[in-house]
Amino acid sequence: LKINEFQLYIENVFEFRRHPAMYRDTTPLTAHELLMIDAACRQRHIDFVPSLTSLGHFEKILSRPEYRSLAEAEPAELRKIGAPVWVDLPWSLCVTDPRAKTLLAEMYDEFLPNFTSPNFNICCDESYDLGRVRSKAAADEKGVGQIYIDWVNYCHRLARGHHRQVQRGADEGRAGRGGLDEHLRLDGPDDDVRAGQRGAAGRLDPDAEFVAQRLRLWRVGLDHHDAVRRMARGDQAAQDGAGHVAAADEGEQWRGRGA
């Protein structure tokens, strides 16, 4: 097949032993199963890269009572201020909540040891509600782009603790919302590689050496479902679900399991 990298995008369908409420209504992948896949990939010279939602796309977790208070915003709060609402569920972690940081660290601690790859896709894409409600004060002070970079740096430090270099989604250069301006800096920029996902490239820090492989898709106020339809007309079908904008969870698709 000439495949040298393989990722299963995971939101909540992994058996996090410290957080059984995350997957209680699913049939989750286990640590043993991931280790078996990892071994099979190594035998075939395939890099099985861990991929775990780390900011947006957290609705399958944040919709549960145990974690709802960690969300950036409720849909009703977004509607009240005239902000877009993609789904009628809380979407992103609140980057200014210390409990959200603790949760993510615990998830990484359980998830990453099941992979031998030196890489880790932290995703961090499509956080459309970032800086709109609970983190608005920080966004007003620093800019949405900077609080996003601060969060990516936090994820990066966690990943480095597990001896990984990070990949991430490439859509966070959205114009008009304090995107990734040239003055922003990532901790250890040589370790950050943008995943080859369709999205907005934005303006890139020349020192960061990001791999921006896709065309600009985003504009201010772009509706999520329009974006999904655009990608469906592009190469998403050929990628067989590799762009998780339109897929609920590739881990679920691979297993044929519902979340």
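When a residue number appears, it is its place in the shown sequence, counting from 1. Computed over heavy atoms, backbone and side chain alike; hydrogens, waters and symmetry mates excluded.
- In the hydrophobic clustering of ILVMFWY residues, with side-chain heavy atoms under 4.5 Å counting as a link, L35 and I37 come out apart.
- Under the 30°/60° scheme for interplanar angles, the aromatic rings of F111 and F14 are found to stand perpendicular.
- A distance of 10.5 Å separates CG of L93 from OG of S127, quoted to the nearest 0.5 Å.
- Panel note: side chain R164, backbone L112; a donor-acceptor pair is recorded below 3.5 Å.
- From R132, atom CZ reaches atom NZ of K136 across 10.5 Å, with rounding to the nearest 0.5 Å.
- In terms of modelled atom types and a separation under 3.5 Å, the side chain of R168 and the main chain of I122 share no donor-acceptor contact.
- Remark: the backbone N or O of S92 is paired with a side-chain donor or acceptor of D129 at under 3.5 angstrom.
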For this session: For the pair L103 and F58, evaluate side chain to side chain contact (heavy atoms under 4.5 Å, CB included) and give the outcome as yes or no after the intermediate values.
Result: CA-CA 12 Å; L103 174 65; F58 234 82; 4.1 Å; yes

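- Looking at N119, its side chain never comes within 3.5 Å of a backbone N or O of V49 through a donor-acceptor pair.
- Between R68 and S63, the shortest heavy-atom distance links the atoms NH1-O, 3.6 Å.
- Residues Q165 and F120 are not in side-chain contact: their nearest non-hydrogen atoms beyond the backbone lie 4.5 Å or more apart.
- The structure places CG of L55 at 11.0 Å from CD of E126, a figure rounded to the nearest 0.5 Å.
- Distance alone, capped at 3.5 Å, places no donor-acceptor pair between the R42 side chain and the T116 backbone.
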For residues 76-84, which side-chain N or O atoms pair as donor and acceptor with protein atoms under 3.5 Å away, sequence neighbours left out?
{"from": "E77", "atom 1": "OE1", "to": "E74", "atom 2": "N", "distance (Å)": "2.8"}
{"from": "R79", "atom 1": "NH1", "to": "D88", "atom 2": "OD1", "distance (Å)": "3.3"}
{"from": "R79", "atom 1": "NH2", "to": "D88", "atom 2": "OD1", "distance (Å)": "3.2"}

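- Separating the CD atom in Q7 from the CG atom in D47 is a distance of 8.5 Å, to the nearest 0.5 Å.
- Proximity of Q146 to I149: side-chain heavy atoms (C-beta onward) are separated by under 4.5 Å at one or more points.
- A donor-acceptor pair is defined here as one N or O able to donate and one able to accept, closer than 3.5 Å; such a pair exists between the side chain of E33 and the backbone of T30.
- Shortest non-hydrogen contact noted between A73 and V133 is CB-CG2, 3.4 Å.
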For this session: Apply the test side chain to side chain contact (heavy atoms under 4.5 Å, CB included) to residues K60 and T26: give CA-CA distance (whole Å), side-chain angles for both, the deciding distance (0.1 Å), then the verdict.
Result: CA-CA 11 Å; K60 291 189 178 77; T26 75; over 6 Å; no

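- Side-chain contact of E11 with Y9: a donor-acceptor pair under 3.5 Å is present, judged by distance alone.
- What you find for P20 and R18 is that their closest heavy atoms are CD-C, 3.5 Å.
- Of the charged side-chain nitrogens involved, at least one lies within less than 4.0 Å of a carboxylate oxygen, so that D150 and K142 count as a salt-bridged pair.
- Atom CD of Q43 sits about 10.5 Å away from atom CG of D38, to the nearest 0.5 Å.
- Aromatic ring centres of F48 and F115 lie closer together than 6.0 Å.
- Of the possible donor and acceptor atoms, none in the side chain of T96 sits under 3.5 Å from a partner among the backbone N and O of C94.
- Electrostatic pairing of E110 and R17 counts as a salt bridge here, judged by a charged N lying under 4.0 Å from a carboxylate O.
- Here the closest non-hydrogen pair linking D97 and S69 is OD2-O, 3.8 Å.
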For this session: Show your reasoning for whether side chain to side chain contact (heavy atoms under 4.5 Å, CB included) applies to V95 and R134.
Result: CA-CA 9 Å; V95 298; R134 293 185 62 202; over 6 Å; no

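- Residues N114 and H32 have side chains that never bring a donor and an acceptor to within less than 3.5 angstrom of each other.
- In summary, of the residues considered (L89, T53, N12), a side chain to side chain contact (heavy atoms under 4.5 Å, CB included) with E59 occurs for L89 alone.
- Across every non-hydrogen atom of L104 and C155, the tightest pair is CD2-SG, 3.6 Å.
- Aromatic ring centres of W151 and Y148 lie farther apart than the 6.0 Å criterion allows.
- In this structure, the ring-ring contact (aromatic ring centres under 6.0 Å, His included) partners of Y67, at least two apart in sequence or on a different chain, are H19.
- E72 places a side-chain N or O within 3.5 Å of a backbone atom of S135 that can act as its donor or acceptor partner.
- In this structure a side-chain-to-backbone donor-acceptor pair under 3.5 Å is missing from Y108 to L158.
- Closest heavy-atom contact between G131 and I147: CA-CD1, 4.0 Å.
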For this session: May I have the step-by-step check of side chain to side chain contact (heavy atoms under 4.5 Å, CB included) for E15 and L34, ending in yes or no?
Result: CA-CA 11 Å; E15 191 179 59; L34 290 180; over 6 Å; no

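- The CG atom of L8 sits 8.5 Å away from the OG atom of S51 when rounded to the nearest 0.5 Å.
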